[in-house]
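Have a look at the structure below before the remarks.
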Amino acid sequence: MNLASLYFRLLNYDRLQVDRTIPASSSHNEGISYNEPNLCTLWIALSHDIRIYVDKIAIDLRQGSSILVLPSQSCAVESSNEEAHLARFTFATFEVKGMTLNPIAQPPLLCGYPYHLLFSQVKRVLGNEASMRNRFCSSPTPAEIVMMQGRLQLILGLMAESDQQVAQLQNEEKTKLVQHTLQYMEQHYDEDLTVEQLANMAGMVRWQYSQQFRTLTGQKPTDYLAHIRINQAKELLRTSTEPLSKIARQVGFKDEYYFSRCFHKLTGNTPREYTNLHLHKLQKTVIDSLGRKVHVPKDATRIVTDGKFTLGELLVLGISPIGAAISIMKDNVIYHNKLRNIHSIGYWADPDKIAQLQPEFILLSYYPQALKELDALAPTVVLDKKLSLFERLRYIAKLFERSKAAERWITAYEGKVRLVRRQLADAYAAGETATVYLKQGAKFYVMGQNGLAASLYESLGFRSSAEVMHLIEKGQAWIEIQPDQINHYAGERNFIVASSQELQTVAHCPQISVLAALAPGKTHFVDSTWNHSDPITRERLLGVLPSIFKKQTM
């Protein structure tokens, strides 16, 4: 039952000054009799230092607190503050079924429990009720009754919302406890784990733990543990020559027969069938952007890439290549700390430097002149550079069987985009045209759908100007322009990308630059480390976009 299906009949409303102890043998006002058997009283503290006794149990109320008292409960209030005030609603509750009102004992709220509401909310709901309290108690008009009845329902709604928030916090705490047991299972799968043991770790009874576990994972605890053990067994079957009985014990199965039966149930193969199948399928065939069939190893670990549209994608998928073209990236990308253990292969894919790394697989984002030499070193896949971020990430994830990881990242990124767009709702309008300029010394470039522009166009809802659209349609990532051409490509909003040193000069002295012709108040300055299209940069960029829009503009 929820409040939406209920009708509240307000019988009385008043406001009391608590300069003495006010006893009440029942929940309604003194001197007034009602025929309703299901009356409740809602007390609301309008001041601090108020104490209410419900069935002789003392409960301290702070300003904004509300408490529901039943007619069967005794109630008294007191305060040491002579200026203290309370508001009091007396009402009956009915469940609405068709055209019938069925009386119920109380709304679905806790009785004798203080709801600590924000006083600002309470004050906003009650409005200027002090001026009408006397008229309401004596001879209220129908309009006043309807108004105060609506205010009663709003207060009850705030109390119900508070209940929901508490329930949500409790559920989040239970989720954290279950997640802790998940981590424990991942680390101790080879031990003799029971559901009772895991439930005790979470501080829950078994049925409650199993229910919460299934809500979180979609599986029973025993089934989840079995999947962990079988996945570990797969790894051992691919890499180990140990007998089956020993592998079974290593992953937590005491009995080899039960292990084989469980393995077959979850994989469709017996352990020996799986081993034989794996030995005959060490490679898979993929089609790259050049239309070539490339036979790549399924479990390659020594991976080399050029980096422009591939390195960030590999890193967010949990794949760290042994080599990449990072000679000019170390000081120019936001994730330079992730490049420490990656060997440099120069500015481009240098076959001589790559050969020293003994790669098993090479992934490139452009067509190299030395493709034949690279193919001789290791299977080489050339990526289509026109792919969008999500297309690129999904393609690379499929190469390395990380599709689930890619979808998790995409889902999380889209959620962050929605949040940022709500935060910036007052800063710009979706559909505005935007242009990104790159300044390097005295040279200026206009970006196509690349770098920072990719985030603006693909995620934030900006459109390119007509002139920039021509570049994108031609497949041009960027072009160099003359200073007097800047205004020709301008959008309604413009972003100037430059090194941090250059930004200090340009941003503080725009009047002496060729940028002064751009739209005043809608030109933003951005550090060049954000001018990349990889998923790491684009995800972190979402966190700084609000500050970029708030910075002083030209």
Side-chain angles (χ1 to χ4, degrees), residues 168 171-172 175-176 179 182 215-218 289 305 307-320 333-335 337-338 363 365 383-436 447-464 468-469 472 477 491-493 495 497 524 526-527 529-550:
Q168 183 178 353
N171 191 56
E172 290 175 355
T175 298
K176 289 179 182 178
Q179 287 175 334
L182 291 177
T215 300
L216 182 62
T217 67
S289 64
T305 186
K308 184 171 178 59
F309 295 109
T310 53
L311 181 54
E313 287 76 359
L314 289 171
L315 291 174
V316 298
L317 294 173
I319 302 169
S320 182
V333 293
I334 202 70
Y335 56 94
N337 60 313
K338 294 180 178 290
L363 177 64
S365 62
L383 192 70
D384 186 354
K385 64 181 180 180
K386 295 181 181 179
L387 295 178
S388 67
L389 171 63
F390 291 174
E391 292 171 336
R392 199 163 62 238
L393 188 62
R394 285 177 170 131
Y395 180 90
I396 295 174
K398 192 173 181 180
L399 287 177
F400 299 99
E401 299 183 347
R402 302 288 179 96
S403 294
K404 289 184 178 180
E407 295 305 323
R408 283 196 299 270
W409 185 91
I410 289 171
T411 299
Y413 177 80
E414 289 178 327
K416 293 176 182 177
V417 167
R418 287 192 290 271
L419 177 61
V420 168
R421 291 185 70 160
R422 284 196 295 269
Q423 291 174 340
L424 297 176
D426 296 328
Y428 79 98
E432 281 186 28
T433 58
T435 300
V436 177
M447 305 298 296
Q449 193 156 334
N450 190 31
L452 174 65
S455 291
L456 298 178
Y457 300 153
E458 295 174 14
S459 298
L460 292 193
F462 282 101
R463 294 182 299 110
S464 60
V468 174
M469 178 56 69
I472 296 173
E492 295 170 285
R493 192 175 295 270
F495 295 80
V497 177
H524 307 275
V526 185
D527 192 286
T529 54
W530 298 113
N531 196 35
H532 296 275
S533 303
D534 65 275
I536 298 176
T537 302
R538 287 185 59 168
E539 183 177 28
R540 294 185 184 178
L541 175 63
L542 295 177
V544 301
L545 275 172
S547 64
I548 290 175
F549 275 81
K550 288 179 182 177

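Not measured: the values here are computed from a predicted model. Just so you know, residue 1 is the first one in the sequence shown, and it goes up from there.
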Contacts of type ring pair (Phe, Tyr, Trp, His ring centres under 6.0 Å), residue Trp409, not counting sequence neighbours:
Tyr413
Please report the shortest heavy-atom distance between Phe462 and Ala434, naming the atom on each side.
CD2-CB, 3.6 Å
Please walk me through it: do Tyr395 and Leu383 pass side chain to side chain contact (heavy atoms under 4.5 Å, CB included)?
CA-CA 9 Å; Tyr395 180 90; Leu383 192 70; 3.2 Å; yes
Contacts of type side-chain contact (heavy atoms from CB on, under 4.5 Å), residue Thr215, not counting sequence neighbours
none
Determine the minimum heavy-atom distance between Leu387 and Arg392, stating which atoms define it.
O-NH1, 3.2 Å
Name all residues meeting the side-chain contact (heavy atoms from CB on, under 4.5 Å) criterion together with Lys338; count only those two or more places apart in sequence or in a different chain, and write none if there are none.
Leu315, Tyr335, Ile536, Arg540
Contacts of Ala454 that satisfy side-chain contact (heavy atoms from CB on, under 4.5 Å) - sequence neighbours left out:
Glu458, Ser533, Arg538
Of all the heavy-atom pairs spanning Phe309 and Ile396, show the shortest one and how long it is.
O-CD1, 4.1 Å
Do Asp534 and Leu311 come within less than 4.5 Å of each other through their side chains, counting heavy atoms only?
no
If I compare all heavy atoms of Thr310 with all of Ser365, which pair ends up nearest, and what's the gap?
CG2-CB, 4.1 Å
Quick one: closest heavy-atom pair of Leu216 and Thr175, and the distance?
CD1-CG2, 3.8 Å
Sequence neighbours left out, cut at 3.5 Å: what donor-acceptor pairs do the side chains of residues 417-431 make with other protein atoms?
| residue | atom | partner | partner atom | Å |
| --- | --- | --- | --- | --- |
| Arg421 | NH1 | Ser459 | O | 3.1 |
| Tyr428 | OH | Leu460 | O | 2.5 |

Give every residue pair that meets the salt bridge (charged side-chain N to carboxylate O under 4.0 Å, His left out) criterion with at least one member in residues 396-409, sequence neighbours excluded.
Lys298-Glu401, Arg394-Glu407
